[in-house]
Amino acid sequence: QDGKDANFVPLFTYRTGPFSGSGIPIANGMRDYLEMLNQRDGGVGGAKIVIEECETGYDTKKGLECYEAVKGRNPVMVNPWSTGITLPLIPRAAVDKIPVLSMAYGLSASADGQTFPWIFNPPNTYWDGLSVIVKHIADELGGLDKLKGKKIGYIYLDAGFGKEPIPMFEQFAKDLGFELKLYPVAATDMQNQSSQWLGVRRDKPDYMVMYGWGALNPTAIKEATRINYPMNRFISIWWPSEDDARSAGAGAKGFRELNWHGVGTDFPVLKDIQKHVVDKGLSKVAKGKEGEVLYNRGVYNSMLIAEGIRNAQKLTGKKAVTGEDVRRGLEAINLTPERLKELGMEGFTDPLKLGCADHNGHGAAFVQEWDGEKYVKIGGPIKPMEDKVGPVAAAAAKDYVEKNAGWPKRSEACDSK
Amino acid sequence: MLYRETGQFKTSYKADMAVFPIRQDRIGLAIILLLAFVAMPLFGGGFLLSAVMIPLLVFALAALGLNLLTGYTGQLSLGTAGFMGVGAYACYKLTTFFPEVNLIVWILASGFFSAAVGVVFGLPSLRIKGFYLAVATLAAQFFLQWCFIRIPWLYNNNVSGAIEAPVRTLFGMPITGPHATPELRYLVVLSIVALLTWIASNLVHGRIGRSWMAVRDMDIAAELMGIRLLPTKLLAFAVSSFYCGVAGALMVFLWYGSAEPEVFSISQSFLILFMVIIGGLGSLIGSFLGAALIYGLPIVLKSLFPMLGLSVGAATVEHITFMVVGAMIIGFLIVEPHGLASIWRTIKQKLRVWPFPY
Amino acid sequence: MNGLALFSRRDDSVAKGEPLLTVENVSLRFGGVKAISDVSFDIRKGEVRAIIGPNGAGKTSMLNVINGFYHPQEGRISFRGQTRRRMRPSHAAAQGISRTFQNVALFKGMSTLDNIMAGRTLHMKRGFFWQLWRHGPALDEEIRHRRVVEEIIDFLEIEAVRKTPVGKLPYGLQKRVELGRALAMEPDLLLLDEPMAGMNLEEKEDMCRFILDVNNAFGVTIALIEHDMGVVMDLSDRVVVLEYGRKIADGAPDEVKASQAVIDAYLGVAH
Amino acid sequence: MDSSAAPAPPGEVSREAGRDVILAVNNIEVIYDHVILVLKGVSLEVPRGGVVALLGGNGAGKTTTLKAISNLLRAERGEVTRGSIMFQGERVDRMSPNELVRRGCIQVMEGRHCFGHLTIEENLLTGAFTRRDGAAAIRQDLEKVYGYFPRLRERRKSMAGYTSGGEQQMCAIGRALMSRPALVLLDEPSMGLAPQIVGEIFEIVKELNASENVSFLLAEQNTNMALKYATYGYILETGRVVMDGDAEMLRANADVKEFYLGVSEGDRKSFRAVKSYRRRKRWLT
Amino acid sequence: MLYNIFIDPFVQMAGAPDLLVQALWDGLVSGVLYALIALGFVLIFKASGVFNFAQGIMVVFAALTLVGLYEKGVPAWVALALTLVVMFLLAVAVERVVLRPLVNQPDIILFMATFGLTYFLIGFGELVFGGNPKAMITEQLGLPRGVIDVEMLGGRVSLQKIDIAAAIIASIMVAALAVFFQKTRIGRALRAVADSHKAALSVGISLNQIWVIVWFTAGVVALAAGIMWGARSEVSFALEIVALKALPVLVLGGFTSVPGAIVGGLIIGVGEKLGEFYWGPLVGGGIETWLAYFIALAFLLFRPQGLFGEKIIERI
Ligand SMILES: Nc1ncnc2c1ncn2[C@@H]1O[C@H](COP(=O)(O)OP(=O)(O)OP(=O)(O)O)[C@@H](O)[C@H]1O
Ligand SMILES: Nc1ncnc2c1ncn2[C@@H]1O[C@H](COP(=O)(O)OP(=O)(O)OP(=O)(O)O)[C@@H](O)[C@H]1O
Ligand SMILES: [Mg+2]
Ligand SMILES: [Mg+2]
């Protein structure tokens with residue numbers, strides 16, 4: 001619709017509201033990568049990308065409004081960037097024929113492409129993340145069996161996102177023999193966690209795991225430093241940013257989190273962004289914020305978008321593709337090392353291959369540590385524990401289908417085998 | 001000249017006590033209903049129906065419920081979203097327990113659950129008044145939201161912690177789920193809202209409405225006239241929560257499609273309260289006008305920027321929208337503190353004396 | 001006399017001239033303030049009983065005690081032979097006591113009509129579910145009561161302001177509407193707290209007329225607080241005088257007027 | 001009927017230009033809520049050191065006139081749409097109420113309006129808010145007010161909200177006196193007061209008028225009293241001045257006698273004797 | 001079950017007294033922090049009868065201005081002074097644009113107007129300073145950082161220096177404001193305005209001047225609250241949510257009482273911490289969100305005007 005040879009990519013962003021701290025770098029990263037393609041290559045496959053942001057303020061209401069506003073304009077996909085917005089879109093995607101890319105958030109069960117042909121959440125799920133964290137702790141201790149008798153605390157946002165890993169965590173605790181302590185933080189109490197951390201003082205867990213978002217993260221890191229919790233035993237899922245750690249001061253040194261892509265600007269792709277976008281004044285990113293964790297996460301997200309479009313173009317031979325085409329294109333994503341190199345992302349992230357059944361890839365993640373200035377990668381990539389996560393994910397997908405009676409069987413053909 | 005009552009004589013008390021005693025008003029209402037029921041679904045289009053009209057009606061219903069409590073009975077409530085949540089979760093449970101029963105029945109039935117919860121949290125209103133009463137309803141708000149998070153039974157142990165509207169049909173056509181057309185969803189919402197508005201209008205124009213207003217305006221005098229305060233207030237809490245509950249159920253089932261507990265947060269309660277105030281406390285029309293202003297204005301403003309040919313970032317648009325909405329709220333209040341409904345009344349008054357200034 | 005056919009309620013359990021209400025040794029304190037100390041008097045069926053006294057003497061408080069808004073620390077009150085210490089105001093209303101207020105206590109947001117209709121609440125029986133529907137029985141009932149209310153409106157000559165929100169009425173009319181609201185309850189005992197404050201002579205005359213009519217024609221017993229001695233002396237059958245919460249005189253208007261204690265405490269000069 | 005009964009056209013107010021006029025209201029028109037026209041051209045003036053009464057039935061617009069003068073109308077969504085108001089030779093219709101109080105014009109509002117949560121004494125002290133002449137002088141005036149109203153001294157530590165209607169009325173009057181005004185707009189001062197106190201209040205008016213040259217404009221239903229103490233009177237009917245003149249003259253006027261003083265033929269009639277409702281004779285139809 | 005509710009928590013308290021002391025201390029500290037926000041509400045309510053919905057955003061706005069200016073290279077102390085100037089201008093603007101035209105309107109209308117103000121400030125603040133969270137400039141302002149560890153009761157209780165500073169600042173503010181309201185001429189006028197705008201106008205109280213004074217004072221209190229809360233986590237728009245926590249404090253202490261704000265804060269802070277810490281685990285934790293409201297509600301049932309609030313006058 002928007003121009004003849006163009007693809008319309010709406011980006012749902014939240015540069016405003018209480019979560020804008022996380023939303024802004026992500027939005028900048030997403031935008032800048034696509035803009036870079038437009039500037040450098042004239043878009044993807046010769047078709048310009050029409051980028052349009054729609055501000056959600058991390059509010060489901062506004063997210064749905066954004067969706068309704070873009071859905072008639074042939075978007076190649078939507079990026080809701082909020083679990084609350086993703087959930088209502090899941091059943092609609094198939095009907096409206098618009099794929100939903102919820103990168104490492106949203107409904108973890110939607111990794112199952114047979115059940116959710118239109119939803120993609122690469123490269124990891126929160127369950128994968130949890131298994132990686134457990135594995136990392138086990139590695140530190142010297143083996144999974146060493147977890148026996150240990151105590152692990154879990155501090156999380158008391159909402160769907162934070163609660164999702166709990167059954168899995170409990171399963172691990174049972175299987176591996178450690179004790180799990182829960183410290184829920186309500187959304188209204190994110191800045192006020194002293195009771196939780198008092199609990200930590202009482203229970204003295206050997207490790208702390210965090211699934212937080214927004215203001216929860218910096219406050220938790222600060223509180224941890226206040227009670228002198230050993231930071232290198234404090235491991236978070238992949239959402240804390242540099243700012244979150246920085247605001248806790250020197251005490252935050254050693255804080256760890258998962259990640260699956262590089263930080264910093266030392267990658268060809270980021271150099272290109274610098275050259276074609278930032279230096280031309282086309283970016284909104286604040287000076288020095290390029291290359292930060294969440295910015296690069298946005299870049300990664302947009303790389304998937306572009307790959308999806310590119311594959312769709314290849315599969316259909318069209319320049320301007322539709323949501324249906326891109327759904328196929330996303331299933332065909334195969335980020336081999338060679339491809340990553342072409343993309344200027346060598347060393348930026350690990351290879352990833354999606355398929356009709358696997359919309360996630362369950363890729364490896366690594367642990368990075370805050371050194372007081374920046375995050376540095378420690379140790380190599382850790383693969384999620386497929387054997388543990390797989391059944392849980394499968395069961396969850398089955399459960400979803402059961403509870404939503406009449407959930408359609410996959411009718412979309414499969415291109416890649 | 002258009003708006004003249006001269007010549008319209010009431011010959012019976014019945015005619016005089018009608019909700020719309022003036023002929024022009026009745027014609028106006030008929031036109032509005034015609035537009036809403038016929039023109040809108042025919043020409044509305046997907047975005048207008050699902051992203052504007054349905055939300056607007058849902059909010060108007062919730063605002064109407066709150067208006068019964070706050071505007072008519074004078075009991076400030078900040079627990080609206082919580083009561084909406086009760087309706088939504090009750091409807092969810094009911095329809096999963098008894099999937100055969102028509103969803104509309106459950107949507108209406110879910111109102112009774114929130115009515116019951118509303119009554120419980122209305123009990124302190126006997127002793128606590130004004131802004132202080134807000135704390136009781138805030139307790140409801142936070143406690144209920146905590147329940148939605150903490151009691152897995154309420155959301156059928158879904159891993160996502162959210163509730164998802166299952167597919168349900170009306171006369172063989174889906175009204176929930178992805179296949180439900182915006183037109184049908186809109187018509188269902190509109191019908192329920194219209195029915196409940198009509199009932200609310202009956203209530204407030206009769207004995208019950210008068211006792212509510214009496215309690216609001218001067219509770220001591222009301223009591224000295226034989227109006228028992230507690231039952232009157234509790235009835236208001238019950239009816240109000242009923243409306244909010246139905247609105248909540250409509251919101252999840254016919255608008256969102258699925259909802260996390262976060263949807264029923266305090267900010268939603270405030271939003272609805274503000275719709276009621278800006279619309280006009282103690283005015284049914286006001287609830288609709290208020291919802292239109294607070295929900296609709298940002299949408300209109302947002303679409304205004306591209307129309308003006310300004311290309312500013314989505315975030316800047318949002319910032320400016322916030323500022324403009326804020327300024328407009330203050331502006332409206334200054335023009336007419338008693339809400340949009342009152343502006344509407346003044347306009348009618350002016351029309352009546354037109355072409356003279358007064 | 002324009003007929004107020006409305007007073008369907010005729011309670012004859014107390015004969016005319018017998019005490020309808022007796023107040024015995026009532027004392028009321030607020031913290032250190034003694035608003036009423038040990039006051040006894042009675043109100044006979046069918047009379048106009050005036051309560052007078054200087055400002056702050058406890059007159060309003062006395063009315064508040066009678067209809068249950070204040071609970072006296074000591075003493076008893078019997079109404080129609082039933083004795084009680086404390087009672088809920090709504091209960092008093094149901095028993096047939098209604099009143100007007102010193103500081104107009106109308107329902108400000110409602111119209112004159114609705115205010116008076118609200119006074120009929122006690123007599124309206126149709127329940128919640130009829131009200132939802134409003135047409136049919138609920139509306140019939142409503143219309144029946146509307147008829148009564150219209151009679152009151154006619155009687156008080158406030159037809160012109162029927163639909164005006166009472167908050168916007170001038171003070172004098174508000175007082176009249178308030179009387180109408182109290183009348184709508186069809187009381188046996190009507191308590192009037194300074195009904196003529198802020199009225200000019202003509203309006204006072206009208207008001208007196210209303211009060212006398214209500215008293216004579218419908219046999220409503222009236223307790224009246226008023227500072228205008230002309231009115232009090234002309235209207236009342238008996239007068240009780242309070243000062244600093246104590247009763248200092250009780251009797252026919254002429255006796256009271258002549259009492260030196262009353263002149264000193266209240267009147268200032270002999271009237 | 002007297003020729004001065006017709007509302008004075010603008011400009012004619014200053015016909016007695018030589019006199020020292022503290023307040024001149026010139027043909028004002030007041031509208032509430034943008035649509036309700038209440039005053040339809042009211043003119044009046046108060047000479048310095050005069051006591052002027054404003055008479056009229058319910059809803060005639062007395063309160064509205066006083067509020068228009070003291071600029072409290074705006075707080076009730078009313079506005080003066082025409083005419084002007086001069087206080088001590090200055091136009092004041094755009095001034096804020098507190099500037100007016102500072103200049104010496106204060107209103108005692110109808111219906112008391114005490115600060116319920118402040119004690120009686122605090123209420124009185126707020127009356128002195130605009131004064132700058134030191135605590136001692138204020139204390140002295142406080143004593144004076146207590147002298148006028150001994151009942152207030154007894155209740156000085158009580159919250160005004162709990163005091164009786166009459167006590168609040170005294171408090172409101174006392175509070176206004178605390179500002180050492182040059183002109184007091186008194187709206188129904190006698191309302192709810194015991195006869196003895198009513199007498200006292202008018203005595204106070206007289207005394208202040210005589211000793212401190214304070215001027216008064218009083219809207220009062222107690223016509224008898226008002227005309228006894230006032231020097232001049234205006235009669236207002238549905239937003240228009242229908243008659244004005246010296247108090248003597250008004251008292252002698254047959255219509256005033258009949259409708260406001262109740263002494264039509266010789267003696268005062270008993271209220272009980274009024275058998276039929278009298279229709280008020282209108283000056284204007 | 002009963003054991004878990006009624007006995008076990010106390011056993012725990014006795015078993016680890018240092019933790020109890022720590023919990024109490026943490027409760028007191030959060031109480032003080034709540035009180036700082038509640039104080040802003042009280043000020044405006046007490047002095048004009050307006051329930052200021054915008055207090056939360058004023059906290060954010062003040063803190064953002066301070067940090068934002070600092071980030072633009074203004075020295076910390078100058079930034080502080082400039083922020084005060086900004087808050088003063090805000091007070092003037094609010095008085096001119098919002099309050100003056102709405103004089104003598106019902107409380108709920110003014111409440112609504114402050115909601116409009118909130119919207120405006122959110123938009124304006126984000127437009128000027130952006131939505132990024134910022135770190136509070138505690139050290140630059142000379143506020144102490146670090147911990148005092150006290151060995152006691154066989155354990156360790158750690159007191160944050162900044163918390164101690166917060167407590168001191170709050171007490172000074174509360175004391176000063178309480179005296180101001182109760183004892184001074186302006187204080188009396190403020191209370192009069194809260195009672196009745198109309199009557200206050202009629203005695204010549206200058207509402208305009210009064211409102212600028214209180215809103216500015218509330219702005220200063222908001223700045224203090226913003227600095228302290230910002231030091232706890234970071235300065236971002238999420239801080240606005242914290243204002244909600246001030247509501248039960250406000251209600252408990254009484255809308256009109258300055259000392260009530262601090263006492264209410266302490267009761268809620270301590271009650272909430274002990275509740276969450278000792279009883280929370282029984283129901284899966286997170287009860288802090290509503291416990292405060294129930295505590296406040298319980299008190300209100302006995303004192304409908306809050307602990308120290310002005311009596312609600314019911315007379316007829
Ligand atoms: N609720 C209350 N709390 C405290 N004091 C009260 C209360 N009600 C009345 N009082 C006091 O009791 C006394 C009697 O008051 P009341 O209102 O009965 O007087 P009144 O005779 O009606 O006077 P007025 O003629 O001025 O209306 C007054 O001094 C008043 O201050
Ligand atoms: N706020 C208002 N809004 C609309 N109309 C009003 C308002 N206040 C007064 N009025 C109308 O203005 C007219 C004059 O009222 P006003 O109060 O000035 O009369 P008044 O002479 O003081 O009467 P009273 O003797 O009863 O006090 C009345 O008809 C009244 O209904
Ligand atoms: Mg009294
Ligand atoms: Mg008047």
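All chains are named by letter (A, B, ...) in the order of the sequence lines, taking the proteins before the strands, and each is independently numbered beginning at 1.
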Is the count of non-hydrogen atoms from other residues, nucleotides or ligands lying under 6.0 Å from [X] atom [atom1] greater than 12?
X	atom1	value
E/Phe88	CZ	no
D/Arg132	CZ	yes
E/Phe124	CZ	no
D/Lys206	NZ	no
E/Arg96	CZ	no

Rounded distance [0.5 Å steps], NZ in D/Lys67 versus CG in E/Leu201: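 The distance works out to 11.5 Å.
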
Interatomic spacing from CD1 in E/Ile205 to CG in D/Asn98 - rounded to 0.5 Å: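 CG of D/Asn98 is found 9.5 Å from CD1 of E/Ile205.
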
Chain D contacts, top residue of E/Ser196, E/Ala189, E/Ala192 (heavy-atom pairs, under 4.5 Å):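 With the most close heavy-atom pairs to chain D, the winner is E/Ala192.
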
Contact leader toward chain D among E/Gln105, E/Lys198, E/Gln209, where contacts are heavy-atom pairs under 4.5 Å: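 Maximum pair count with chain D is reached by E/Lys198.
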
Please flag which part of [X] lies under 4.5 Å from any non-hydrogen atom of chain E: side chain, backbone, both or neither.
X	answer
D/Thr163	backbone
D/Arg77	side chain
D/Ser70	neither
D/Met178	neither
D/Leu118	both
D/Ala176	neither
D/Gln107	backbone

Proximity breakdown for E/Ala194 and chain D, heavy-atom pairs closer than 4.5 Å: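 Neither part.
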
Which heavy-atom pair separates [X] from [Y] by the least distance, and what is that distance?
X	Y	answer
D/Arg131	E/Arg185	O-NH1, 4.4 Å
D/Ala75	E/Asn104	O-ND2, 2.8 Å
D/Ile106	E/Ser202	CG1-O, 3.4 Å
E/Arg188	D/Thr126	CG-CG2, 4.0 Å
E/Val203	D/Val101	O-CG1, 3.7 Å
E/Ala199	D/Arg175	CB-NH2, 4.2 Å

Contact leader toward chain E among D/Gly127, D/Ala172, D/Pro181, D/Gly116, where contacts are heavy-atom pairs under 4.5 Å: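 Of the candidates given, the most pairs with chain E belong to D/Gly116.
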
Distance under 6.0 Å and angle within 45° of ring axis: E/Arg191 vs D/Phe115: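 No cation-pi geometry.
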
D/Arg102 side chain vs E/Gly204 backbone, donor-acceptor pair below 3.5 Å: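 No: the side chain of D/Arg102 does not pair with the backbone of E/Gly204.
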
